[in-house]
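Structure first, commentary second.
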Amino acid sequence: MALAREVALPGGTRIFEEGEKADRFWIIRSGTVALDIHMPGRGRQVVETIGAGSLLGWSWLCPPRQWHLAAETRDPVHAWEFDAAAVLDLCAEDTALGLSLVTAVAETIGDRLRATRTRLLDLYGPPGPQGSGAAP
Amino acid sequence: MTPAPLSYRVVDRRDETHDTVTLVLEPGGDALDPFVPGQFAMLYAFGVGEIPVSVSRLGDGHRLTHTIRAVGAVSRALCGLRTGGWVGVRGPFGTAWDTAAAHGNDLLVIAGGIGLAPLRPLVDTVMAEPHAFGRLNVLAGARTPADLLYGDELPAWQEPFGAVTVDRPSNGWTGRVGVVTTLLREARFTPSDTVAFVCGPEVMMRATARALTHQGVRPDRIQVSLERTMRCATGHCGHCQLGPLLLCRDGPVVGYDQAEPLLTIREL
């Protein structure tokens with residue numbers, strides 16, 4: 001935690017933009033952050049929101065180390081902000097710590113991948129050929 | 001339980017969403033025995049057919065309240081009923097949410113889509129005697145903001161923690177986006193002293209139950225509401241069989257400790 005600093009971000013703060021260098025990450029302590037992507041003709045489309053206890057940002061972990069999405073606070077957010085380069089340097093020095101950190105980040109990535117796949121199923125849509133059986 | 005349908009008249013009707021309607025029914029003569037949260041009735045749309053529908057509110061004399069989504073011929077016919085229309089009703093059927101098991105514990109009420117309807121009487125029960133329970137968390141997921149049920153009631157369910165999340169936000173939606181399990185991280189509960197009630201699409205219930213057990217909630221303290229094709233509702237026809245269970249009789253509410261191995265059985 002020595003590498004972290006507390007930050008307070010007002011609601012509506014653009015934290016990072018798609019394509020920018022991913023050099024930081026955050027652990028959200030309170031508040032909600034929306035992840036969005038710009039779609040031509042449709043503006044910003046929110047694809048997910050994340051809240052307290054969640055990791056914000058994992059693109060810093062592997063090349064090309066650019067944000068794939070943008071992030072904006074929905075309401076006032078308090079978070080721990082980490083400098084990615086310093087964390088990666090520390091992990092290189094302490095490989096056990098590095099493995100723990102990568103495992104934790106991978107768990108987050110896995111959770112979000114599973115959630116995304118589940119949403120692709122359109123679970124709440126009407127039953128039918130792609131749904132949960134014959135419609136009564 | 002009455003084997004033959006009794007006639008009930010539609011005395012109130014409310015459009016919840018573009019495809020979902022809540023009907024309040026009043027007996028035209030004899031009334032069915034009282035229902036408890038989690039149980040269901042067989043609703044017969046005259047000349048069309050019969051489907052199982054959970055009660056979505058209790059406590060108004062012999063009146064029954066059902067929330068129905070129009071997805072097929074029978075449900076469309078029921079949703080099309082107007083005030084003064086008639087419906088045949090059998091019931092009460094099935095097992096109930098075990099609220100006694102939740103006394104003194106934190107509660108997680110987790111709904112997906114129209115799964116919120118069978119859970120609403122449970123929420124009503126808990127909110128009517130809050131001192132009997134620990135912290136109440138109501139978490140609901142929906143396809144879009146326009147698909148959210150009971151929008152005018154949800155704010156009252158926010159304390160100590162409640163939240164809704166949608167898969168596909170519309171312009172202007174400022175709430176959460178994502179699967180309902182993402183809300184668990186912020187819910188306020190002590191896993192070892194928590195009872196969870198889950199209703200929604202089966203995949204959603206599996207994912208939710210797994211997330212809950214991962215967080216330390218015991219499988220026998222997770223109750224899920226299972227659906228299969230229910231025809232007779234009396235445990236005779238076998239259409240709703242799931243392993244050793246006939247869900248119209250032994251369900252729909254089943255402990256996850258019993259349901260978990262059954263939910264991976266592939267259908268024919």
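Residue numbers begin at 1 in each chain, while the letters A, B, ... track the order of the sequences. All figures in this text were calculated on a predicted structure; none of them were measured in a lab.
- Heavy-atom distances place the backbone of B:Ala142, and not its side chain, under 4.5 Å from chain A.
- If you measure heavy-atom distances from A:Thr116 to chain B, you find no contacts under 4.5 Å at all.
- Between chain A and the residues B:Val203, B:Asp167, B:Val74, the largest count of heavy-atom pairs under 4.5 Å involves B:Asp167.
- Both the backbone and the side chain of A:Arg119 come within contact range of chain B, judged by heavy atoms closer than 4.5 Å.
- Put simply, the side chain of A:Arg29 reaches to within 4.5 Å of the side chain of A:Trp80, judged on heavy atoms.
- Using a cut-off of 4.0 Å between Lys/Arg side-chain N and Asp/Glu carboxylate O, B:Arg120 and B:Glu153 are scored as salt-bridged.
- Residue with the most contacts toward chain A among B:Leu183, B:Thr174, B:Ile114: B:Thr174 (heavy-atom pairs, distance under 4.5 Å).
- Considering only heavy-atom pairs separated by less than 4.5 Å from chain A, the leading option among B:Ala207, B:Ala211, B:Pro169, B:Gly141 is B:Gly141.
- Using a distance-only test at 3.5 Å, with no hydrogens or angles considered, a donor-acceptor pair links the side chain of A:Arg65 to the main chain of A:Leu61.
- Rounded to the nearest 0.5 Å, atoms OG1 (B:Thr213) and CD (B:Gln215) are 9.0 Å apart.
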Worked check of side-chain hydrogen bond (donor to acceptor under 3.5 Å, both in side chains) between B:His239 and B:Arg231: CA-CA 7 Å; B:His239 280 93; B:Arg231 294 274 167 80; 3.2 Å; yes
